[in-house]
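Notes to accompany the following structure.
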There are 4 protein chains.
Amino acid sequence: MSDGRSGRRQRRKEERPGEILEAAFEEFALNGFAATRLDDVAARAGITKGTIYVYFPSKEELFIATFKEMVRPMMEHIRALTAAPEGSALEILRTHFRFVYDRMVADRRGRELLRMLMAEAGRFPGLADRWHDEVIGPAIETMRAVVRYGVARGEFRPTVAEVFPHLLFSPVLTASTWCSLFGDAHPLDLAGYYEAHLEMLARALCAEA
Amino acid sequence: MSDGRSGRRQRRKEERPGEILEAAFEEFALNGFAATRLDDVAARAGITKGTIYVYFPSKEELFIATFKEMVRPMMEHIRALTAAPEGSALEILRTHFRFVYDRMVADRRGRELLRMLMAEAGRFPGLADRWHDEVIGPAIETMRAVVRYGVARGEFRPTVAEVFPHLLFSPVLTASTWCSLFGDAHPLDLAGYYEAHLEMLARALCAEA
Amino acid sequence: MSDGRSGRRQRRKEERPGEILEAAFEEFALNGFAATRLDDVAARAGITKGTIYVYFPSKEELFIATFKEMVRPMMEHIRALTAAPEGSALEILRTHFRFVYDRMVADRRGRELLRMLMAEAGRFPGLADRWHDEVIGPAIETMRAVVRYGVARGEFRPTVAEVFPHLLFSPVLTASTWCSLFGDAHPLDLAGYYEAHLEMLARALCAEA
Amino acid sequence: MSDGRSGRRQRRKEERPGEILEAAFEEFALNGFAATRLDDVAARAGITKGTIYVYFPSKEELFIATFKEMVRPMMEHIRALTAAPEGSALEILRTHFRFVYDRMVADRRGRELLRMLMAEAGRFPGLADRWHDEVIGPAIETMRAVVRYGVARGEFRPTVAEVFPHLLFSPVLTASTWCSLFGDAHPLDLAGYYEAHLEMLARALCAEA
DNA sequence: CATGAATGAGGTTTCATTCAT
DNA sequence: GATGAATGAAACCTCATTCAT
């Protein structure tokens, strides 16, 4: 389009890796690691197979890099969340889950990332470790902190949610999985689901009904 | 050739398919569909590769048969559950989830089945359909019926759980996934988790705290 | 030819490895390890590429197996030679060299083996070790023993040949190399060369000229 | 662009081909032609792959040029040797072999050159031709002349060495090959070997023992 | 002149599938 | 029915070569 594209070969050292990771993610999400052909990744990225190897030493490394790349934004959100809480604890949870539903349930790519994680964790143990250490572990801890904060300010009752914050989060995973697996044939009313999730949460946690 | 061996061979012949499905499940669960070698399935079943083709026309059909085979017991349990409820609704849920935790969370094979479903649903849409129609759909409906039954008998308050029984079930999926992915490095106290799950359930559903 | 060849696929588990090694040797000798294509080996053996992998796990292993296979007959000759000497020492040398010229100089395959050894020893250190331990080392020792035997019986003078029997052997390597490299354009009169070699030997070793 | 750098660049430009040949020789000697990567040659020469193509049109041409470059000094020595002999014929041989041992046996690069020649002669027939015409052929002829000169002056007896001067030279090839293949594990006492070689030579050639 | 990103042909290796026994 | 040798279509990966800068 611009004059930069003067020939068949473009100098795009800066952009290439990102483009490849983008294409790789789509293919890996679609087919899984083993069934993905680097030819297809290349075609999707508008390059040839060989070029992938200029930037990534092997299919495995490409996969790991792809996963890291997609995990990063999640990680950054989680990190941002660890700030000292203020105001209504329920409101904090509501805001947090708003983001989580947008990123991991409504967004196809977020869902695919989760699915990819579950599908490939067996062959790439590093994936699960990374996900735990950088996303789900911190997220659990943050939720625990919010619950405690809510209890401390009298907004929440003391509950087992302090021990297993997983319970608060679990509807998200279910929704994400549902949309991935059955979304086409049996769509889920996400807006309603989200509200129902939060209502259950309030009922389970809040000091008075 | 001699009739002495034909009896044993006959017996063997009837057991073969089941043995193959058993071996196939382990391998598929371990490696995923694409990365599983029929050689390994055969080795695990104590036969040779060619024999698989006596009973199954292709790797894909073997996979589908494997999945069907493993889904059957789940399906049967769910079907048994649709009987008319009686007694405490919460107790019914407790009993139901007891079974579900045993089969889908504590049991490695149940967890693997779930993981396999999520991993391969993209390439085998029939898997998701079957799972929905025969397991998760009926399970959801059954839970909805139990919730309504509880509301009808004054044990439960009317809640969104009637619209989204998924919410009640979701901790199970989270636990199963957690154990599959992080179980080794970060084990989950399953007994405690189960109790916490049911306590949250009671608090969210029951008429009085 | 015989009725054994009833279809496209022949059961030749016993013969296959040998046939493959045979074909592999020709190709490796012709092109060297790196430049040899398994396709060509397969074609020469009258099979397809995949079949090679039924018997050999990798190109490297095939190469090593090929070398071992070709070295074996040499090794056996050398081993047979270590018997206690009797009669004329010069005659023993003459007989020994007769065999060596036949096998390592006149025979194209023997020459190729030597050339292969020299060409690939860098990448396959095991080759040189094996050659030294099983062929050239024992050969040197045997010649040393013959020289000593000749000295002991008064047939030979005491010479440095006892310390460096390599000197006695070296014309063989030169002839083999010469035929490999220049044989077509500048053929060597092998019969004459052989006689000249032995004459020099006699003159250098024998007690009286 | 600025004249300040052009001087250095200019100087570099003239040295480049030699540096590349130097690097290429090391890599070719190490890995053989087929297994050598131009990337590695470039890295060793401190340049990039593309630059090689500024000076050499292809990998094959680079290889041939490398060989020519390394053969040149040998060739020049041989040419210098063809001067009319004077003094002791044995002394001439002794001096000649002194040089040859230094260059083709003791010097790693000389040994590698020989090895490279033997390894690649099959794919590059020009190599063998060149080596024969410019090195080994003249060397043989020179030695023949020296032998005849020795016979003419009564220092040597008439022997088959006049017909096959190869015999006189052959210990050199053996030593070179030995050091290349077995040097690390089974070192050769080169000084002793050289003396033994010359002693055998004297005994085989000289008029009186 | 020198670079190095990009190419793509070609190599090794894998493995589902076939079929003669 | 059971076997397992053989197949051959891909797949991953390498690297000589090109060419815009």
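Within every chain, numbering begins at 1; the chains are lettered A, B, ... in the order of the sequence lines, protein sequences first and strands thereafter. What you are looking at is a predicted structure, and each value in this text was computed from that prediction instead of being measured.
- A distance of 8.0 Å separates CZ in A/F33 from CD1 in A/I64, rounded to the nearest 0.5 Å.
- Look at CD1 on B/I52: it is 15 Å from C1' on F/dG1, rounded to the nearest Å.
- Taking atom CG of A/N31 as the reference point, atom P of F/dA10 lies 16 Å away to the nearest angstrom.
- Atom CG in B/D39 sits about 13 Å away from atom C1' in F/dA6, given to the nearest Å.
- Picking from F/dT7, E/dT17, E/dT12 the nucleotide with the shortest atom distance to the side chain of C/K59 gives E/dT12.
- Spacing between atom CD1 of A/I47 and atom P of E/dG4 amounts to 19 Å, rounded to whole angstrom units.
- Looking at the side chain of A/R16, the nearest of the listed nucleotides E/dT13, E/dA6, F/dC13 is E/dA6.
- Nucleotide E/dT14 has F/dA9 as its partner under the Watson-Crick or G-U criteria, with both atom distances under 3.5 Å.
- Pairing of E/dT21, defined by two Watson-Crick or G-U wobble distances under 3.5 Å, is identified with F/dA2.
- Side-chain proximity of B/V54 to the nucleotides F/dA2, E/dA16, E/dA6 is greatest for F/dA2.
- Residues A/G50 and C/K49 each lie close to DNA chain E; by heavy-atom proximity, the contact nearer the 5' end of the strand is made by A/G50.
- Under the 4.0 Å criterion applied to side-chain N and carboxylate O atoms, B/R109 and B/E112 are not assigned as salt-bridge partners.
- Proximity note for C/Y53 (side chain, C-beta onward) versus F/dA6, E/dT12, E/dT18: the nearest is E/dT12.
- In summary, the aromatic rings of D/F124 and D/F67 are positioned with their centroids too far apart to meet the 6.0 Å limit.
- Atom CZ of C/F56 and atom C1' of F/dA6 are 15 Å apart (whole Å).
- Atom CG in B/L62 sits roughly 16 Å away from atom P in E/dC15 (whole-Å rounding).
- Remark: B/Y55 is in phosphate contact with F/dA2, judged by side-chain N or O atoms under 4.0 Å from OP1 or OP2.
- For the pair C/T51 and F/dA6, the criterion of a side-chain N or O lying under 4.0 Å from OP1 or OP2 is not met.
- The interatomic distance linking D/E60 (CD) with F/dC15 (P) rounds to 17 Å, in whole Å.
- The side-chain heavy atoms of B/I20 and B/T66, taken from C-beta on, include no pair separated by under 4.5 Å.
- Distance from the side chain of C/R37 is smallest for E/dG11 among the nucleotides E/dT17, E/dG11, F/dA11.
- Each of D/A35 and A/A34 has a nearest nucleotide on DNA chain F; the 5'-most of these lies closest to A/A34.
- Relative to the side chain of A/L38, the nucleotides E/dT3, F/dC13, F/dA16 differ in distance, and F/dC13 lies closest.
- For the side chain to side chain donor-acceptor pair (under 3.5 Å) with C/R44, the qualifying choice from C/E19, C/E27, C/E26 is C/E27, the only one to do so.
- In this structure, CZ of A/F63 is placed 14 Å from P of F/dC12, rounded to the nearest angstrom.
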